[in-house]
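This report refers to the structure that appears directly beneath it.
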Amino acid sequence: MLASQLLYTSWKNGNSTAKGYMVYSKSKDITDLEENEICAVMKYKAPDNLPYTPSKEEIETLFPKMFAYFKLSSGRFCIAQSSYIGQDYTNRWGNYIIHAYVLNNVGDLIPSRMIGANIFRKNLTEQELNAEFAPESLPHIDIRYGGNALTEQEIKQFFDTPGRQETLKKLAQSVFDAIANNKRISLVDDLSNMRTWLMTLSMILPKNTLNQLYFSTYTTENSNLVTLSCKQYSDSSSAYMQSYVPNDLICIDAMRNNNVETDVGCYINDVCDKLLNGYYEGVLCANSVNKAITDYACENHDFAYKLTCVKNGDLTYVLSNEELLNIIELLASHGENSSNVFEKIFFRYSSSGMYTGDASSIAVFKALYPHISSEAKADLLMMYVDNKFEKNSNASAVYAEIKKDCPCAWNEAVMCFLRQSFREHFGHNLSNAAALLLCNSWISVYKKCTEDQKQRAQEQIGSLYAKLVVSHDTEAFLGVLETCK
């Protein structure tokens, strides 16, 4: 992936009178506005508690490198690092260098994996420092640095510390909140931990969210271009967290677990638990949700997670029949034609407390019916009819309800009702409602029967009708006579 470059540091600029901090050189396509934004975000100030005149070893080991990923107002993206150098060409302390890459799109890059990558310059060479002129422009570079994800052992060791698991959940949920509501996050911890926090987020956040998480691993000044600013823990930062906080700032204190109150959604709660307890289960969970977001154009990560769960027959997080209906319709509209998927949903749904036989339950049955096997359709109709019988003792009223809101076309339902397995399900001691349903089902198919079948139908109709007469259910047997006309 081709990227433009920019280098900023303190330079004597040959024999020019314009000396000091400046853009040493940049690719020709980087605009002045992009340059100003990069330099503002990547401005480096050393922590106050570090030596003022450090050795090279101290610079390398003590002074944090500032890595950032953010979106420029031009719409392009910047991946950059600021490194402390120490002395400038006049031997003054405080010099640093910014090496930035500007890309038209992020593609498959995972910015947090580039923290500490060897693709960033840490100084100018002696030849560059003493040159009369800087290069007219810097070349475009093909960035292919992928980096590695955290290992299972690294995850286990880091999150064994009490409180960090809950902090991770609140931090991850806060990312969604910040992106959706144009807020910023302040993460306070020891700077050595920031890479682990950010890389863990890259393992659990969906790709579309991850691409919008603009962050800096070490910040002294906030920027509107950075969503998540990492700050070195200190007594003053802790006091800041406990003082007045602007409405658009979400504070996460990972050192003292003093975090903002937030409701953690089902996806973040589960993916974090899976990652911290099973690692590969967490990775697979994140991948499946990311795929669902892409395949089904889901904007909400919790809904995408529920969708993946429902596909596996898990209705744990479905809050209502309406939500389940939305998921079923979404699966069907995107060509999910595996009857196995819909049958798992049906059998789990039918044994759950969500199915009550009300209008919303029937709507779920109607959505499932066209996509399941013949055997499952029979089970669905049997359950549907049983529920109707249980809720209403008036045979005529039950029959009218079944005919009105049956989950499938009435003619199709009738053929199912007349199956031997269905008749056996009702038993020999038929209720009036079952007798009326079967009687009218036989009448409905009578004209299409062969002569032999008609004889059988007449016997069944006569027997069922006689039962209704003997029971003195006048409304029911008059209904049969009306149907016979």
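Throughout, residue positions are numbered sequentially from 1 according to the sequence presented.
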Have [X] and [Y] got a donor and an acceptor in their side chains that come within less than 3.5 Å?
X: Y446; Y: Q453; result: no
X: N193; Y: D189; result: yes
X: S444; Y: S441; result: no
X: E37; Y: S73; result: yes
X: Y317; Y: D302; result: no
X: E343; Y: S373; result: yes
X: S361; Y: Y349; result: yes
X: T262; Y: Q173; result: no
X: D314; Y: T316; result: yes

Exam field: side chain [X] to backbone [Y], donor-acceptor pair closer than 3.5 Å:
X: R423; Y: L418; value: yes
X: T161; Y: R164; value: no
X: N290; Y: K207; value: yes
X: E482; Y: G479; value: no
X: Y69; Y: N211; value: yes
X: S463; Y: Q460; value: no
X: R184; Y: L228; value: no
X: K391; Y: D386; value: no
X: D190; Y: S192; value: yes
X: H334; Y: L330; value: yes

* To do: Could you go through the side chain to side chain contact (heavy atoms under 4.5 Å, CB included) check for L381 and C406 one step at a time?
  => CA-CA 8 Å; L381 287 173; C406 187; 4.0 Å; yes
Please round to the nearest 0.5 Å and tell me the distance separating atom [atom1] of [X] and atom [atom2] of [Y].
X: K344; Y: I372; atom1: NZ; atom2: CD1; value: 14.5 Å
X: E390; Y: S431; atom1: CD; atom2: OG; value: 10.5 Å
X: K388; Y: L437; atom1: NZ; atom2: CG; value: 12.5 Å
X: R195; Y: I115; atom1: CZ; atom2: CD1; value: 7.0 Å
X: L168; Y: I252; atom1: CG; atom2: CD1; value: 10.0 Å
X: N411; Y: C416; atom1: CG; atom2: SG; value: 13.0 Å

[X] and [Y] aromatic centres sub-6.0 Å:
X: F120; Y: Y101; answer: yes
X: F422; Y: F426; answer: yes
X: Y369; Y: F346; answer: no
X: F159; Y: W197; answer: yes

* CA sep, side-chain torsions, deciding dist, call: L438, L430, side chain to side chain contact (heavy atoms under 4.5 Å, CB included) -> CA-CA 10 Å; L438 291 177; L430 293 174; 4.2 Å; yes
* Plane angle bin for H301 and F176 - parallel if under 30°, tilted between 30 and 60°, otherwise perpendicular -> parallel
Using a 4.5 Å cut-off on heavy atoms from C-beta on, say whether the side chain of [Y] contacts that of [X].
X: L187; Y: K231; answer: no
X: N36; Y: T31; answer: no
X: D29; Y: R76; answer: yes
X: F70; Y: I79; answer: no
X: D379; Y: F347; answer: yes
X: V398; Y: I402; answer: yes
X: N387; Y: M383; answer: no
X: S186; Y: D253; answer: no

* Check against salt bridge (charged side-chain N to carboxylate O under 4.0 Å, His left out), K366 and D405 -> CA-CA 9 Å; K366 287 182 177 180; D405 64 9; over 6 Å; no
* Kindly determine whether L331 and Y296 satisfy side chain to side chain contact (heavy atoms under 4.5 Å, CB included), including the steps that lead there. => CA-CA 8 Å; L331 289 172; Y296 299 101; 3.6 Å; yes
* side chain to side chain donor-acceptor pair (under 3.5 Å) between D473 and S471, worked out -> CA-CA 5 Å; D473 191 339; S471 69; 5.1 Å; no
Could you report the tightest heavy-atom contact between [X] and [Y], atom names first, then the distance?
X: I362; Y: Y355; result: CD1-OH, 4.4 Å
X: I268; Y: A172; result: CD1-CB, 3.7 Å
X: E322; Y: S360; result: OE2-CB, 3.5 Å
X: A286; Y: Y267; result: CA-OH, 3.4 Å
X: Y218; Y: K65; result: CB-O, 4.4 Å
X: V188; Y: M194; result: C-CE, 4.2 Å

* Please lay out, stage by stage, how Q455 and E459 fare under the test side chain to side chain contact (heavy atoms under 4.5 Å, CB included). => CA-CA 6 Å; Q455 180 63 36; E459 292 173 359; 3.5 Å; yes
* Before giving the answer on side chain to side chain donor-acceptor pair (under 3.5 Å), spell out for D177 and N181 the whole-Å C-alpha distance, their side-chain angles and the decisive distance to 0.1 Å. => CA-CA 6 Å; D177 185 25; N181 299 295; 2.5 Å; yes
Flag yes if more than 12 heavy atoms outside [X] fall under 6.0 Å of its [atom1] atom; otherwise flag no.
X: Q420; atom1: CD; value: yes
X: N208; atom1: CG; value: yes
X: D160; atom1: CG; value: yes
X: D142; atom1: CG; value: yes

* To do: Sort out for me which residue in L324, N340, V318 forms a side chain to side chain contact (heavy atoms under 4.5 Å, CB included) with I345.
  => L324
